[in-house]
Novice: 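Structure incoming, see below.
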Amino acid sequence: ATEVVDVTLEKELWREPHFLYKKHVRRKDHVNVLGLTENFYINNHGFRDADFSVEKGEGVFRIVCVGASTTEEGPTNDLTYPSILEAMLNRHFDTNRFEVINCGLSGMNALKHRVRSADYLALDPDLIIIYNAVNDICHDLFPIWVKDASPCIKQLRESTFINHYLNGMLLPNGDEMRTLIEQNKMADLRFIADRAKRQNVPVALCSFAAPDIKHLSTDERNYYDYCTYKEWGGQYVMFTSYLRALETYNNAIRDLCSKDKLLYIPVAEELRGGAEIFGDICHLRNPGIEAKAKLIADFLIEKEVVK
């Protein structure tokens, strides 16, 4: 039998932080970024899922779900969106031939996924689904835009009032954002899709969901501003600026899918809500995880991606 190692600390899960997990590692009662308790098991391939063999059984349709913590998340391995998606597909078709593998790893971004694309393809998928955006925007692009701001903007943002209420004016305009996103992030996603295409593996890109600002209470707006300021955008980025950058990112994903004939799954357009499903600007509570799995399942069934 395979020996499973129980660990206590977050760092003990990683072989290389936010890139490679150790295999056959288990951590109980892990408190995630939302303050909710999770139980982790890392499988024989270094992902948060059950052990499996690369060699598929007869008739198995294998989906590999690529992403970061917003793919990995869930209170248990069985309650992540990939696991729920698997159950929904098998239930709909009254079968057990669908196998959905959770390849989400906390802290990943488009470039890291590009580097690990051979690992995903080595799992012999019939479909790859990518749900990716927030780390690209908040941990890669925002620091660049904040650092490279003009002396005038740097001076203006020292005013709490200006930085809060005129935050959008202190960051690049839509065209500048779009150019950097396309030149960097979309190029990485295109690389993955092209590599998969050479192995006859279709790729589906999801738009990335966020709390629906039109339906937030004042308290919810203040909460998401705090989340952005404290954890995601840094002290010079507000929630509305994150949403503007995310809309630009999602538009770029949609255009990439149209140009390269990739599957586009409209998660952002369909997954609407506030604090009842979003624990912060990107992570989902349990009802949100289930809702995301359902809308992806519905898309795959309706478009006959799976049969």
Side-chain angles (χ1 to χ4, degrees), residues 2-52 63-88 99-109 112-113 116 120 129-135 138-139 206 208-211 223-224 226-227 230-232 267 271 273-297:
T2 300
E3 181 182 359
V4 177
V5 178
D6 289 311
V7 299
T8 303
L9 302 176
E10 168 78 12
K11 64 181 181 181
E12 294 176 310
L13 290 171
W14 295 99
R15 177 178 164 191
E16 187 173 335
H18 305 294
F19 189 72
L20 284 172
Y21 275 130
K22 296 176 183 177
K23 298 177 182 179
H24 300 300
V25 174
R26 179 173 55 208
R27 187 183 184 199
K28 298 179 179 179
D29 301 326
H30 165 65
V31 179
N32 68 14
V33 293
L34 302 183
L36 304 175
T37 300
E38 293 181 337
N39 290 317
F40 262 73
Y41 171 68
I42 309 302
N43 68 11
N44 56 326
H45 295 281
F47 296 111
R48 190 190 179 198
D49 210 326
D51 289 355
F52 67 94
I63 301 172
V64 165
C65 294
V66 171
S69 57
T70 50
T71 293
E72 178 191 76
E73 66 185 350
T76 66
N77 284 24
D78 290 338
L79 292 175
T80 63
Y81 106 72
S83 184
I84 296 171
L85 173 61
E86 176 181 290
M88 288 178 171
E99 187 175 62
V100 183
I101 298 172
N102 186 350
C103 289
L105 291 102
S106 175
M108 294 289 281
N109 58 25
K112 291 180 181 179
H113 289 312
R116 293 211 61 184
Y120 307 141
I129 298 176
I130 301 176
Y131 185 73
N132 175 83
V134 68
N135 291 333
C138 292
H139 298 323
C206 303
F208 197 89
Y223 170 67
Y224 292 124
Y226 174 79
C227 288
K230 188 73 175 176
E231 301 291 341
W232 290 99
V267 174
L271 189 60
E276 74 280 6
I277 62 172
F278 286 93
D280 59 15
I281 67 171
C282 60
H283 293 103
L284 293 167
R285 303 185 192 279
N286 293 353
I289 294 172
E290 184 169 351
K292 181 169 76 171
K294 184 178 187 308
L295 70 88
I296 292 175

Novice: Compare every heavy atom of D78 with every heavy atom of S83, then report the nearest pair and how far apart it is.
Specialist: OG-O, 3.2 Å
Novice: Does K22 pair with E12 as a salt bridge, N-O distance under 4.0 Å?
Specialist: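 No, K22 and E12 are not salt-bridged.
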Novice: Where is the tightest heavy-atom contact between C227 and D280, given as atom of each residue plus distance?
Specialist: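 Heavy atoms only, the tightest pair is SG-CB, 3.9 Å.
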Novice: Kindly say whether M88 contributes a backbone atom to a donor-acceptor pair with the side chain of K294 at under 3.5 angstrom?
Specialist: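 No: the side chain of K294 does not pair with the backbone of M88.
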Novice: So, the side chain of R26 versus the backbone of V5: is there a donor-acceptor pair under 3.5 Å, distance only?
Specialist: no
Novice: Kindly compute the distance separating OG1 (T70) from CG (N132), expressed to the nearest 0.5 Å.
Specialist: 7.5 Å
Novice: Side chains of L284 and L271: does their closest heavy-atom pair fall under 4.5 Å?
Specialist: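 Yes, side chains in contact.
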Novice: Would you call I129 and Y81 a side-chain contact if the rule is heavy atoms closer than 4.5 Å?
Specialist: yes
Novice: Kindly say whether G279 contributes a backbone atom to a donor-acceptor pair with the side chain of Y223 at under 3.5 angstrom?
Specialist: yes
Novice: Can you measure from CZ (F47) to OG1 (T71) and round to the nearest 0.5 angstrom?
Specialist: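 The CZ atom of F47 sits 11.5 Å away from the OG1 atom of T71.
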Novice: Is there a donor-acceptor contact under 3.5 Å from the side chain of D49 to the main chain of N77?
Specialist: no
Novice: Quick one: pull up NE2 in H283 and OG in S106 and give me the separation to the nearest 0.5 Å.
Specialist: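 Spacing of NE2 (H283) from OG (S106) equals 6.5 Å.
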Novice: Can any side-chain N or O of R285 pair as donor or acceptor with the backbone N or O of A275 at less than 3.5 Å?
Specialist: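 Yes, R285 side chain to A275 backbone: donor-acceptor pair under 3.5 Å.
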Novice: For the residue pair I42 and Y21, what are the closest heavy atoms and their distance?
Specialist: CG2-CB, 3.6 Å
Novice: Under 6.0 Å from the six-membered ring centre of F19 and within 45° of its axis: does the NZ or CZ of R116 meet both?
Specialist: yes
Novice: Treating N39 as the side-chain partner and K28 as the backbone partner, does any N or O pair qualify as donor plus acceptor under 3.5 Å?
Specialist: no
Novice: Measuring only between side-chain heavy atoms, which start at C-beta, is C138 closer than 4.5 Å to I281?
Specialist: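 Of all side-chain heavy-atom pairs linking I281 with C138, at least one is under 4.5 Å.
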Novice: Looking at every heavy atom in both D29 and T37, which two are closest together, and how far apart are they?
Specialist: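 Heavy atoms only, the tightest pair is CA-CG2, 3.4 Å.
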Novice: Give a yes or no on whether the backbone of A209 and the side-chain of K292 come within a donor-acceptor separation of less than 3.5 Å.
Specialist: no
Novice: Contact between E73 and E38 at the side-chain level, heavy atoms closer than 4.5 Å - yes or no?
Specialist: yes
Novice: Quick check for you: to the nearest 0.5 Å, what is the distance between L13 atom CG and Y41 atom OH?
Specialist: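 One finds 12.5 Å between CG of L13 and OH of Y41.
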Novice: If you take all heavy atoms of W232 and C282, which pair is closest and at what distance?
Specialist: CZ2-SG, 3.6 Å
Novice: Looking at every heavy atom in both P75 and N286, which two are closest together, and how far apart are they?
Specialist: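 Heavy atoms of P75 and N286 come nearest at CD-OD1, 3.4 Å.
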Novice: Output yes when a side-chain donor or acceptor of R48 lies under 3.5 Å from a complementary backbone atom of E72, and no otherwise.
Specialist: yes
Novice: Between F208 and Y131, how do the two ring planes meet: parallel, tilted or perpendicular, split at 30° and 60°?
Specialist: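 Parallel, since the angle between the ring planes stays under 30°.
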Novice: Using atom types as modelled and distance alone, determine if a side-chain donor or acceptor of N135 lies under 3.5 Å from a backbone N or O of N109.
Specialist: no
